[in-house]
Amino acid sequence: MSVPDNARGYESFAGEIGRTTADSTPEWQYPPVAPAGAPNVVVVLVDDMGFSDIGPFGSEIETPVLDRLAANGLRLTNFHTTPLCSPSRAALLTGINSHRAGFGFVANADPGYPGLRLELADDVLTLPEILRANGYATYAVGKWHLVRDATLHPAASRDSWPTQRGFDRYYGSLEGLNSFYYPNQLVSDNSPVDIEEYPEGYYLTDDYTDRAVGYLKELRAHDANKPFFLYFAHTAMHGPLQAKPEDQAKYRGKYREGWDRLRQSRFASQLTQGLFPPGTQQKPRNTEPGYEAQEWDSLTDEQRSRFERYMEVYAGMVDSIDQSLGRIVDTLEQFGELDNTIIVFTSDNGGTAEGGSEGTRTYFAQFAQVDEPDWERDVPHDDELIGTAKLGVHYPRGWGQASNTPFRFYKGQTFAGGVRVPFVLSWPRGLPRAESDSGVRQEYVYITDLAPTLLELIGLDRPSVRNGLLAKDFDGLSAADVLHDSSAVSRHVEQYSEMTGHRGFYRDGWKLLALHEPERGIDDPRWQLFDVRTDPTELHDLSAQLPDKVAELSAAWDEAAWHNTVFPLLTREDLGRRRPEEARLGEAVRILPGTPTLERYRSQRLIAYRDFSIVVELGGYRWGDEGVLVAHGDPLGGYILYVEDGRLIFGYNAYGRYATVDAGEIPGGSGVVTVAARVRPRMRWDFAIGIDGVGVGELLDQVQLVGMSPWTGISVGLDARGPVSWELRERWGAFRYSGGLKAVTYRPGAVGVSVEAQRALDSEAELIAE
């Protein structure tokens, strides 16, 4: 029977329609189905881990799972990333060069230019979007860092959050870093998780792994055949460095010989494993001012003792990552699916110098890079606390260079130490190893190549449209030929790089590189030229001998920079600029009890570099009421106002140095408690505490909490998540207030420093100069 012309809703129906089911034929719509036999895909991305930190790339750290995968799979020894976190993640997930994807820097800035949009644009397709449209289940676990920090809070647009960018499920941290014992905010799918206290023995890597394994088990319980894409992006190895006691203990005493000898032993292992051609050399140590690593034997006994503890913690964290991967592999084996799963393991950039020359036991004080003569970047603590929940530590850059063995420089620079990282790939069914194949590939491969490579291995095409918009083309090129054939030549023959003025250009085995030197200006590079076919460690500068090659490649860099929206080049001061609309995040706010912990960046805007006051409205104080009125921060820095035994206490945690003022007994019936902070010279605050308009206590000349501190946001009526005061937490837990608490109001005052000084709020920008 024909359908009348004026009927609606039948236009795309392929069955038959009659007046009843007796004269109609049904037709069903089905979701997309993956190609028969399509492999699962697991991409494990580690943060700030250098080239030599795992066994298959020369490390002494125990990584048996990676050893096994590499022994049966492939190692890419010439795999390159961008120099920083967010840009590499954007390039990996989109196959598009980082600036063209909008991530010319980390998502902790907002200067207002196309290459630094710092959120994924509507015309940028992601790998999980492509795979989901082709019948894959898609899961993301761990660090995201593709959301501007101003949009981390739950009232912001979620356009660049994981579940809006192709993932069915997500669990992790949207931040660029986090505490491993007390994460400031975790997100499940599309919402922050409201956590008051983390359980005893909590550790972030284990939490991520539990969730990843749970996703896979849940999928297989409901669908035995649907392939999946798991993107497991670790927060480790980003600082603060914290490891479980049992993982630290495995490496106690193993680093007493120091970083110079460690680099020698790792490089010897790399040569033995055939990771570099014969004749490759390693420079003894970075010696350039601002990048130099001290000679280990020149250190004092006290320094060596503390510094080796830092590296024990780092090694324990790498070990933990391998254990995590082992749990994923065990789950795949239980499903009988390991042979048909593509497993990729790599890092987002090289090892870091963010700990400076001495390292730190006070992570956020070091991280802020405040330019004050008496600023304390390393508050002394008992070395037995290193790596525990009570401290945020980071190693000195001497260990960073050891991490990057045998290369020069660190995360943030375009030299190999910043961008050349380990890469292991295993797929027994699709890429079986011949006995004659060592599994080592020395061809140039770039991070944008991963998405097109995976699609070719699976047998899928990339769509040309996203949500009705013409999607940006891949910049990456498939490296499938290189994976299949040890004699194949890479198709990726040229690649630009840029990060805050550091530059690089690769073409056919030549590399043109420049460190940004502030005294020369942002657009005046001092080029160095290397033939990395014979000099993979970039030691022998040929720029003076081959000026024509320098001119050729520098012109090519310029052309690529325009094409990829690298311009305008931005200084660190430029990266401190924020869109005017952000000013509203620093407006007064009244917070009711029961409000989930305020997001970190929103909380900081209320106090950073400025006078501020806190007004606590009580419902009439009664003797016996006690608990926390307001808390902001955690063990790495913060402040807390609480009542205990009838007395009002204000505690201030200055990056681990804790001080209190006892404001005395609270009179019965008291209605308002206030804390007023006033900016003083030398990045200090004076605090005044009042009850019903009467001053009752002061805490003067306290170092300001700046950069990313306080890390945990504001909580009202309890001290949620990480404790500002350890002793109080041990006595009372989160110490929920038992009396009548109406609200807490923050009233931000005038900013007490220049706009330029506020760039420390975007403190990851400062690390590049370290």
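Remember, predicted model here, so these are calculated numbers, not experimental data. Heads up: numbering here begins at 1 and tracks the sequence.
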Enquirer: Return yes if some donor-acceptor pair links the side-chain N/O of S613 with the main-chain N/O of V675 below 3.5 Å, else return no.
Expert: no
Enquirer: Has the side chain of W375 got a donor or acceptor atom that lies under 3.5 Å from a matching backbone atom of M683?
Expert: no
Enquirer: Decide, yes or no, whether a salt bridge links R361 with D383 under the criterion of side-chain N to carboxylate O below 4.0 Å.
Expert: yes
Enquirer: Would Y181 and Y203 count as a ring-ring contact (aromatic ring centres under 6.0 Å, His included) here? Give the steps.
Expert: CA-CA 5 Å; Y181 290 103; Y203 189 70; 5.7 Å; yes
Enquirer: What do you reckon, are the aromatic ring centroids of Y139 and F167 less than 6.0 Å apart?
Expert: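 Judged by ring-centre distance (under 6.0 Å), Y139 and F167 do not meet the cut-off.
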Enquirer: When you measure from the side chain of T660 to the backbone N and O of G651, does any donor-acceptor pair fall under 3.5 Å?
Expert: no
Enquirer: Could you check whether N178 and Q185, counting side-chain N and O atoms only, form a donor-acceptor pair closer than 3.5 Å?
Expert: no
Enquirer: Taking atom CZ of R158 as the centre, report whether more than 12 heavy atoms of other residues, nucleotides or ligands fall under 6.0 Å from it.
Expert: yes
Enquirer: Is H394 close to E354 at the side-chain level, that is, under 4.5 Å between some pair of heavy atoms?
Expert: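 Counting from C-beta outward, E354 and H394 do come under 4.5 Å.
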Enquirer: Does N653 reach the main-chain N or O of P635 with its side chain, forming a donor-acceptor pair under 3.5 Å?
Expert: yes
Enquirer: Are D692 and V673 close enough that some pair of their side-chain heavy atoms sits under 4.5 Å apart?
Expert: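 No; the side chains remain at least 4.5 Å from each other.
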Enquirer: Sort and list the pairs that fulfil salt bridge (charged side-chain N to carboxylate O under 4.0 Å, His left out) and have at least one residue in residues 698-709, not counting sequence neighbours.
Expert: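 Applying salt bridge (charged side-chain N to carboxylate O under 4.0 Å, His left out) to every pair that reaches into residues 698-709, excluding sequence neighbours, yields R682-D701, R684-D701.
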Enquirer: Tell me, which pairs form a ring-ring contact (aromatic ring centres under 6.0 Å, His included) where one or both residues lie in residues 672-704, sequence neighbours left out?
Expert: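 Qualifying pairs, neighbours excluded: F612-W685, F650-F687, Y652-F687, W685-F687.
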Enquirer: Check whether any side-chain N or O of S725 sits under 3.5 Å from a backbone N or O of L728 as a donor-acceptor pair, and report yes or no.
Expert: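 Side chain of S725 to backbone of L728: a pair is present.
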Enquirer: Would I321 and V46 count as a side chain to side chain contact (heavy atoms under 4.5 Å, CB included) if you check the C-alpha gap in whole Å, the side-chain angles of each, and the deciding distance to 0.1 Å?
Expert: CA-CA 8 Å; I321 286 172; V46 184; 3.6 Å; yes
Enquirer: For residues 634-644, pull every pair meeting salt bridge (charged side-chain N to carboxylate O under 4.0 Å, His left out), keeping only residues two or more places apart or in separate chains.
Expert: E644-R731
Enquirer: What class does the angle between the rings of H234 and F232 fall in, given that below 30° is parallel, 30 to 60° is tilted and above 60° is perpendicular?
Expert: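 Correct class here is parallel.
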Enquirer: Show your reasoning for whether side chain to side chain contact (heavy atoms under 4.5 Å, CB included) applies to V679 and Q704.
Expert: CA-CA 8 Å; V679 170; Q704 288 186 35; 3.7 Å; yes
Enquirer: In Å and rounded to the nearest 0.5 Å, what is the CD to CG distance from E246 to D319?
Expert: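 Result: 10.0 Å between the selected atoms.
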Enquirer: So, using salt bridge (charged side-chain N to carboxylate O under 4.0 Å, His left out) as the criterion, who are the partners of R721 when residues are at least two apart?
Expert: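 With sequence neighbours excluded, R721 shows a salt bridge (charged side-chain N to carboxylate O under 4.0 Å, His left out) to no residue whatsoever.
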Enquirer: Looking at S715, is its backbone amide N or carbonyl O close enough to the side chain of T597 to form a donor-acceptor pair, meaning the two atoms are under 3.5 Å apart?
Expert: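 Checking the backbone N and O of S715 against the side chain of T597, no donor-acceptor pair under 3.5 Å is found.
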Enquirer: Working to the nearest 0.5 angstrom, can you tell me the gap between N108 CG and R148 CZ?
Expert: 11.0 Å
Enquirer: Just checking, is any N or O donor in the side chain of Y208 or T235 under 3.5 Å from an acceptor N or O on the other one?
Expert: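 Indeed, the side chains of Y208 and T235 share at least one donor-acceptor pair under 3.5 Å.
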Enquirer: If only atom types and distance count, is the side chain of T388 paired as donor or acceptor with the main-chain N or O of L385 below 3.5 Å?
Expert: yes
Enquirer: Are Y395 and Y314, when compared by the centres of their aromatic rings, separated by less than 6.0 Å?
Expert: yes
Enquirer: Y170: which residues meet the ring-ring contact (aromatic ring centres under 6.0 Å, His included) condition with it, sequence neighbours left out?
Expert: none
Enquirer: Let me confirm one number: the CG-CG distance from D110 to D149, rounded to the nearest 0.5 Å.
Expert: 8.5 Å
Enquirer: To the nearest 0.5 Å, what is the distance between CD (E599) and CD (Q604)?
Expert: 8.0 Å
Enquirer: Quick one: side chains of residues 737-744, donor-acceptor pairs under 3.5 Å with protein atoms, not counting sequence neighbours, listed by atom name and distance.
Expert:
from : atom 1 : to   : atom 2 : distance (Å)
S738 : OG     : E626 : N      : 3.0
S738 : OG     : E626 : O      : 3.2

Enquirer: Under the 3.5 angstrom rule, does the side chain of S173 hit a backbone N or O of K143 as a donor-acceptor pair?
Expert: no
Enquirer: How long is the gap from CG on L618 to CG on D625, to the nearest 0.5 Å?
Expert: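 One gets 8.5 Å once the value is rounded to the nearest 0.5 Å.
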Enquirer: Is the centre of the Y171 ring less than 6.0 Å from the centre of the W144 ring?
Expert: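 For Y171 and W144, the ring centres are not under 6.0 Å apart.
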Enquirer: Answer yes when E218 and R169 have at least one side-chain N-carboxylate O distance shorter than 4.0 Å, and no when they do not.
Expert: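 Salt bridge flag = yes for R169 with E218.
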Enquirer: Measuring from H145:NE2 to S86:OG, what's the distance to the nearest 0.5 Å?
Expert: 3.5 Å
Enquirer: Using only heavy-atom distances, determine whether the side chains of N184 and E175 contain a donor-acceptor pair under 3.5 Å.
Expert: yes
Enquirer: Could you walk me through whether R309 and Q248 pass the side chain to side chain contact (heavy atoms under 4.5 Å, CB included) check?
Expert: CA-CA 9 Å; R309 289 297 303 276; Q248 291 185 56; 4.1 Å; yes
Enquirer: Answer yes or no: is there an ion pair linking R306 with E384, defined by an N-O contact shorter than 4.0 Å?
Expert: no
Enquirer: Examine distances only and state if a side-chain atom of R605 and a backbone atom of A608 form a donor-acceptor pair shorter than 3.5 Å.
Expert: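 No; judged by distance alone, with no hydrogens or angles, the pair does not exist.
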Enquirer: Do R327 and Q323 pair up side chain to side chain, a donor and an acceptor below 3.5 Å, judged on atom types alone?
Expert: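 There is no such pair (donor and acceptor under 3.5 Å, judged by atom type) between the side chains of R327 and Q323.
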Enquirer: Are H632 and Y639 close enough that a side-chain donor and a side-chain acceptor fall under 3.5 Å?
Expert: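 Their side chains do contain a donor-acceptor pair, which is all the 3.5 Å distance test asks for.
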Enquirer: For the residue pair N190 / T163, report whether a side-chain donor-acceptor contact shorter than 3.5 Å exists.
Expert: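 On atom types as modelled, these side chains qualify, holding a pair under 3.5 Å.
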Enquirer: Does the S88 side chain pair with the main chain of D348, one donor and one acceptor, at a distance under 3.5 Å?
Expert: yes
Enquirer: Apply side chain to side chain contact (heavy atoms under 4.5 Å, CB included) to L204 and Y198, showing your working.
Expert: CA-CA 10 Å; L204 184 60; Y198 289 97; over 6 Å; no
Enquirer: Evaluate D719 against R736 for salt bridge (charged side-chain N to carboxylate O under 4.0 Å, His left out), listing each step before the verdict.
Expert: CA-CA 7 Å; D719 182 15; R736 183 177 289 277; over 6 Å; no
Enquirer: Test side chain to side chain donor-acceptor pair (under 3.5 Å) on Y601 and E582 and set out the steps.
Expert: CA-CA 11 Å; Y601 186 74; E582 271 198 34; 2.6 Å; yes
Enquirer: State, yes or no, whether a side-chain contact exists between L177 and P240 at a heavy-atom distance under 4.5 Å.
Expert: yes
Enquirer: Please check if any side-chain donor atom of Y655 sits under 3.5 Å from a side-chain acceptor atom of E376, or the reverse.
Expert: no
